[in-house]
Amino acid sequence: MESTTTQQKTVAEKLDMLMKLQNIDLELDEIKKIRGALPEEVSDLEDEIAGYQTRHDKYVGDVEQLEQDIENNKLAIKEAEGLIKKYEEQQMNVRNNREYDAITKEIELQNLEIQISEKRTKEAYAKIDQTKEQVEDTKALIDQRQKDLESKRKELETIVAESEEDEKKLLDERAKVAGEISEIDRKLLNYYEKLRNSLSNGLAVVKVVRGAAEGCNIIIPPQRIVEIRERKRIIFDEYSGRILADVEEEVVVEEPKPKRGRRKSS
């Protein structure tokens, strides 16, 4: 008899602690609702700025590479001009037409190399102008988004500051309750955490109110309600998986009976 009483008390304690944990989590949810979408907006802006910064850095790198290409083209032109001068001097001392034609061909190749390098240089300058515009446009986007981010951060910091103390107390209390449940039944705590995260309203532990489970309003059979009320074992809603922790008793208010007037004797 004593072991049965202890078992019943243990189950009841588990359910009470789960209900307490559920209520704490609902209070934390309300704090998150007050903050609204601000944390996500801040995170999205940070990601957006990081993306623009990557793009900006790439454009800057492209400009540096183009400038290096221009320098390489200038060196190629200078080298070709030096070779042309050398070949022209050699042309003055050729011994036959065959040597003259060979040197002439080399001079033509070097002139072609100069033309190609000059064309590449011109294209590089045009590309630099275009890329620098992209650098400036991207920098403007970064500056604008940075202002938006600072504004959102300040707004979030203000809201967080207002609820920071309450949130800390709730988180400390949650850690304590969750730790107590874990010591008694780790699997049950894991089930609660997993179930709560999968539900849109976060209600994993509920009462039966007016014959239906909170959170899903599914009707519970009378015999099952009796078992839930006894709290001898953990009972789960077979449809939603919610933990049915208790039954909220209905308070029946009797309406006052109308007073009957006395019949007058004739």
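Just so you know, these numbers come straight off a predicted model, no measurement behind them.
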- prompt: Please walk me through it: do Asn197 and Glu193 pass side chain to side chain donor-acceptor pair (under 3.5 Å)?
  reply: CA-CA 6 Å; Asn197 290 332; Glu193 300 284 13; 5.2 Å; no
Do you know which two heavy atoms are closest between [X] and [Y], and how far apart they sit?
X: Gly241; Y: Leu195; answer: O-CD2, 3.2 Å
X: Ala212; Y: Ile219; answer: CB-CD1, 3.9 Å
X: Ile70; Y: Ala124; answer: CG1-CB, 3.6 Å
X: Asn201; Y: Gly215; answer: ND2-O, 3.5 Å
X: Cys216; Y: Asp237; answer: SG-OD2, 3.9 Å
X: Val206; Y: Ala213; answer: CG2-CB, 4.3 Å

message: Under 3.5 Å, is there a donor on one side chain and an acceptor on the other for Asn23 and Glu27?
response: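 The criterion, which ignores hydrogens and geometry beyond distance, is not satisfied for Glu27 and Asn23.
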message: Assess, by modelled atom type and distance only, whether the side chains of Asn111 and Gln115 contain a donor and an acceptor separated by less than 3.5 Å.
response: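 Judged by distance alone, the side chains do not pair up.
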- request: Look only at the side chain of Thr54 and the backbone of Ala50, and say whether a donor-acceptor pair between them is shorter than 3.5 Å.
  value: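 Yes, the answer is positive, given that a donor and an acceptor are paired below the 3.5 Å cut-off.
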message: Taking Ala245's backbone N and O only, do any of them form a donor-acceptor pair with Arg231's side chain (distance below 3.5 Å, no angle check)?
response: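 Flag set: sc Arg231 to bb Ala245 pair under 3.5 Å.
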With the side chain counted from C-beta on, respond yes when [X] and [Y] share a heavy-atom pair under 4.5 Å apart, and no when they do not.
X: Lys168; Y: Glu165; answer: no
X: Leu203; Y: Leu26; answer: yes
X: His56; Y: Val135; answer: yes
X: Glu106; Y: Leu109; answer: yes
X: Asn73; Y: Glu118; answer: no
X: Glu67; Y: Ile128; answer: yes
X: Met19; Y: Lys207; answer: yes
X: Ile34; Y: Ile159; answer: yes

Decide whether [X] and [Y] are clustered together by the hydrophobic rule: side chain heavy atoms of Ile, Leu, Val, Met, Phe, Trp, Tyr closer than 4.5 Å, transitively.
X: Ile234; Y: Ile225; value: no
X: Val11; Y: Ile184; value: yes
X: Val209; Y: Ile228; value: no
X: Leu156; Y: Leu28; value: no
X: Tyr125; Y: Val60; value: no

Under 3.5 Å, which donor-acceptor pairs do the side chains of residues 78-87 form with other protein atoms, sequence neighbours left out?
none

Other cluster members, Tyr239 - Ile/Leu/Val/Met/Phe/Trp/Tyr, side-chain contacts below 4.5 Å: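 Under the 4.5 Å side-chain rule, Tyr239 groups with Ile218.
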field: Under 4.5 Å side-chain linkage, directly or through intermediates, the cluster mates of Leu112
entry: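 Joined to Leu112, directly or through intermediates: Ile116.
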- request: Quick one: which residue pairs count as a salt bridge (Lys or Arg N to Asp or Glu O under 4.0 Å) with a foot in residues 32-59, not counting sequence neighbours?
  value: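 Qualifying pairs: Glu30-Lys33, Arg35-Glu167, Glu41-Lys152, Glu46-Arg153, Glu48-Arg145, Lys58-Asp62.
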message: Test: ring pair (Phe, Tyr, Trp, His ring centres under 6.0 Å). Region: residues 152-192. Which pairs qualify, not counting sequence neighbours?
response: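 Pairs touching residues 152-192 that pass the test: Tyr191-Phe236.
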task: Check the pair Lys154 / Glu157 against salt bridge (Lys or Arg N to Asp or Glu O under 4.0 Å), numbers first and verdict last.
output: CA-CA 5 Å; Lys154 285 180 181 178; Glu157 285 169 4; over 6 Å; no
- request: Take Glu99 and Gln90, measure what side-chain contact (heavy atoms from CB on, under 4.5 Å) needs, and give me the verdict at the end.
  value: CA-CA 9 Å; Glu99 289 183 3; Gln90 289 178 356; over 6 Å; no
message: Pair Arg233, Ile235 - check side-chain contact (heavy atoms from CB on, under 4.5 Å), show working.
response: CA-CA 6 Å; Arg233 63 187 180 89; Ile235 297 175; 4.0 Å; yes
message: Distance check, rounded to the nearest 0.5 Å: Leu18 atom CG versus Gln22 atom CD?
response: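 These two atoms lie 9.0 Å from each other.
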query: Just how far is it from atom CD of Glu13 to atom CG of Asp185, taken to the nearest 0.5 Å?
result: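 It comes to 13.0 Å.
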message: Under the rule for side-chain contact (heavy atoms from CB on, under 4.5 Å), what residues qualify as partners of Leu141, not counting sequence neighbours?
response: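 Leu141: side-chain contact (heavy atoms from CB on, under 4.5 Å) contacts with Tyr52.
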- prompt: Do Arg196 and Asp29 sit within salt-bridge range, that is, some charged N less than 4.0 Å from a carboxylate O?
  reply: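 Looking at Asp29 together with Arg196, the answer is yes, because their closest N to O distance falls below 4.0 Å.
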- request: Before accepting this row, confirm whether a basic side-chain N of the pair Asp172/Lys176 lies closer than 4.0 Å to the acidic partner's carboxylate O.
  value: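 No, no charged N to carboxylate O under 4.0 Å.
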